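Whatever order the structure lists them in is the order used to number ligands and atoms, beginning at 1. Side chains included, hydrogens not; waters and symmetry mates left out as well; all remaining heavy atoms used. Since this is a predicted model, take the numbers as computed values, not measurements.
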Amino acid sequence: MTGDLLTASGIEAGYGKVQVLWGAGVAVNERESVVLLGPNGAGKTTFLKVLLGLMPAWRGAVRFAGDDITRMRTDHRVRRGLAYMSEIGVFTGLSIEENLRIGGQFVERATLRARTEELYGIFPALAERKSALAGALSGGQRKMLGIAKALAAGPRLLVMDEPSAGLSPLFVSQVIEVLGRFRESGLALLIAEQNVAFLDLADRVFTLEAGRVGFEGTVEALHADDALHRAYFGLEGS
Ligand code: ATP
């Protein structure tokens, strides 16, 4: 289970004495889009935080673009091309422009200026309200800003924690459409979700259950497994 861009293996981590991850792992290749599917409380957020260095791994290793980054500081990981969008995604007390500047804080000025213009082209609703507070945006626009903020860093891999959180189905499909465009352009994605609609974006799926990876394979293989199909698509009745 190795990926030429990101490989995490045997990850154990938790909070105080409470262990949440029990040997979890994931692999992402260049230009690949991977969905980490799991129910509430399975440990998805904890796992992504370990990948970014926001929490220490008790055991296991994280490799990114050929290097062991298990103990590397978060800002150094970001500089190397790992970007993270948390469930909240933006600083609500800051403006759109300021959020983008924070997302691109490690990027050289002229590059960031050009990239910001490009992002405003992709997200015109943000361009119209550059000095508006992120907290004043609708849920859907806020999510778009979260994506733009993470992309301002110019990542090789965009790691996202539940981009569907708090969004109505209409906005969920808009987010999927936008991410699909970045995927087409070759950006590698790792998306932690419980919403199976995001499987539309997946080249490969990992399931996380109670801190362990249960399944790794294609979306077709997930559908073909009766028990997994029932567990994740049961409500669709198909
Ligand atoms: P969700 O979709 O609800 O965010 P998740 O799959 O991302 O779920 P985590 O947020 O990683 O799951 O939580 C995994 C487990 O760790 C849960 O049992 C949760 O209660 C516990 N947990 C999360 N944060 C903390 C914390 N700060 N202190 C103690 N336990 C925590």
Ligand 1 to Lys44, heavy atom cutoff 4.0 Å, flagged ligand atoms 2 (O), 5 (P), 6 (O), 7 (O), 8 (O), 11 (O), 12 (O)
Looking at every heavy atom in both Lys44 and Gln194, which two are closest together, and how far apart are they? CE-N, 4.4 Å
among protein heavy atoms, the one nearest atom 26 (C) of ligand 1 is Tyr15 CD2, 3.3 Å
Is there a polar contact between ligand 1 and Asp161, counting only N or O atoms under 3.5 Å apart? no
Thr45 neighbourhood, listing ligand 1 atoms whose heavy-atom distance to it stays under 4.0 Å: 4 (O), 5 (P), 7 (O), 10 (O), 11 (O)
Heavy atom of Ala42, distance to ligand 1 below 4.0 Å: yes
At under 4.0 Å between heavy atoms, is it the side chain or the backbone of Pro39 that contacts ligand 1, or both, or neither? backbone
Give me the residue, atom name and distance of the protein heavy atom closest to atom 11 (O) of ligand 1. Thr46 OG1, 2.5 Å
Looking only at heavy atoms of Lys49, does any of them come nearer than 4.0 Å to an atom of ligand 1? no
For Glu87, the atoms of ligand 1 under 4.0 Å from one of its heavy atoms are 4 (O)
Is the closest heavy-atom distance from Gly14 to ligand 1 below 4.0 Å? no
Just jot down the ligand 1 atoms closer than 4.0 angstrom to any heavy atom of Gly43, in number order. 5 (P), 6 (O), 9 (P), 11 (O), 12 (O), 14 (C)
In ligand 1, the atoms that come under 4.0 Å of a heavy atom of Glu162 are 1 (P), 2 (O)
Under 4.0 Å from atom 15 (C) of ligand 1, is there any protein heavy atom? yes
Whether the Thr116 and Glu118 side chains hold a donor-acceptor pair (N or O, under 3.5 Å, no angle test) is what I'd like checked. no
Distance below 4.0 Å between atom 20 (O) of ligand 1 and any protein heavy atom? no
State whether a side-chain donor-acceptor pair under 3.5 Å links Asp161 with Thr45. yes
Looking only at side chains, do Thr74 and Tyr84 share a donor and an acceptor under 3.5 Å apart? no
Under 3.5 Å, is there a donor-acceptor pair linking the side chains of Glu193 and Ser164? yes
Counting only nitrogen or oxygen atoms and a 3.5 angstrom limit, does Val20 reach ligand 1? no
